[in-house]
Amino acid sequence: MSSVQETAYDPQNIFARILRGEIPAHTVYEDDHTLAFMDVMPQGEGHTLVIPKAPARGLLDAEPASLAAVAATVQRVARAVKAAFAADGLTVFQYNEPAGGQTVFHLHVHIVPRFDGVPLKRHEGGMADPEVLKDHAARIRAALGAN
Ligand code: 5GP
């Protein structure tokens with residue numbers, strides 16, 4: 001039987017390092033409990049990630065208050081992402097453990113703007129141009145400021 005305790009949180013994971021400022025990220029939003037930034041291998045234009053600041057591997061071991069903060073930020077950022085890219089819709093998803101497709105073991109929620117007739121790109125399909133990510137982050141921040 002599986003347990004949420006079975007695999008420990010690794011504080012050296014890449015998102016923990018982003019939270020500590022050891023690795024740069026194109027940040028779009030930050031508050032006391034959450035951070036949102038551009039995915040470096042976007043599955044679509046404007047692909048954004050929302051993470052809690054509190055350590056958690058995934059959905060199962062996160063504190064409910066931390067999850068609630070993530071949900072509120074997901075909604076706030078999703079609205080801005082949709083507006084910034086004039087998207088027709090959004091795909092929001094979250095993976096747990098390798099069997100579930102997770103590759104970075106700090107809880108995160110993906111927000112991907114969607115356009116009628118345009119399929120999602122492959123998961124971790126290729127690195128985006130940093131200048132493009134910088135521009136996209138600025139567009140989302142501007143939309144957040146307008147909300
Ligand atoms: P997962 O499969 O764990 O849900 O997805 C992890 C996501 O993190 C992937 O979409 C991948 O492109 C993204 N990612 C991996 N390394 C980095 C990084 O160093 N910086 C950023 N911003 N995103 C990353």
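Whatever order the structure lists them in is the order used to number ligands and atoms, beginning at 1.
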Is the closest heavy atom of F15 to ligand 1 under 4.0 Å? yes
So for G101, does at least one of its heavy atoms come nearer than 4.0 angstrom to any atom of ligand 1? yes
Tell me which protein heavy atom sits closest to atom 22 (N) of ligand 1, plus the residue, atom name and distance to 0.1 Å. M38 O, 2.8 Å
With a 4.0 Å heavy-atom cut-off (strictly under), which part of H110 contacts ligand 1: side chain, backbone, both or neither? side chain
What residue and atom, counting heavy atoms only, is the protein's closest point to atom 5 (O) of ligand 1, and at what distance? H108 NE2, 3.2 Å
To the nearest 0.5 Å, what is the distance between NZ (K53) and CZ (R20)? 14.0 Å
shortest atom 3 (O) of ligand 1-to-protein heavy-atom contact is with T103 N, 2.7 Å
Tell me if the CD atom of E30 is crowded by more than 12 foreign heavy atoms within 6.0 Å. yes
For L144 and V77, the nearest pair of non-hydrogen atoms, with its separation, is CD2-CA, 4.4 Å
Under the 3.5 angstrom rule, does the side chain of T73 hit a backbone N or O of A69 as a donor-acceptor pair? yes
Short version for Q43: what comes under 4.0 Å of ligand 1, heavy atoms counted, is neither
Centroid-centroid distance, H26 to H136, less than 6.0 Å: no
Once you measure the plane-to-plane angle for F15 and H108, does it fall in the parallel (<30°), tilted (30-60°) or perpendicular (>60°) bin? perpendicular
Per-residue contact class, F37 against ligand 1 - non-hydrogen pairs under 4.0 Å: side chain
Which residue is it: L107, V109, L19? I am looking for the one with a side-chain contact (heavy atoms from CB on, under 4.5 Å) to P52. L107
What part of H26, side chain, backbone, both or neither, has a heavy atom within less than 4.0 angstrom of ligand 1? neither
Numbered in order shown, the ligand 1 atoms found under 4.0 Å of a heavy atom of Q102 are 2 (O), 3 (O)
Okay, side chain of R57, backbone of N96: is any donor-acceptor separation there less than 3.5 Å? no
Nearest-contact summary for atom 15 (C) of ligand 1 - protein heavy atom, Å: M41 CE, 3.9 Å
Tell me the protein heavy atom at minimum distance from atom 9 (C) of ligand 1, and give that distance in Å. D39 OD2, 3.3 Å
Closest heavy-atom approach to atom 24 (C) of ligand 1 among I51, V40, T48 is made by V40
Distance to 0.1 Å, residue and atom name: give those for the protein heavy atom nearest to atom 2 (O) of ligand 1. H123 NE2, 2.6 Å
Examine the side chains of Q43 and H123 and answer whether a donor and an acceptor come within less than 3.5 Å of each other. yes
Going by the order shown, which atoms of ligand 1 are within less than 4.0 Å of some heavy atom of I14? 19 (O)
Decide whether H106 and Y9 meet the rule of one side-chain donor and one side-chain acceptor closer than 3.5 Å. yes
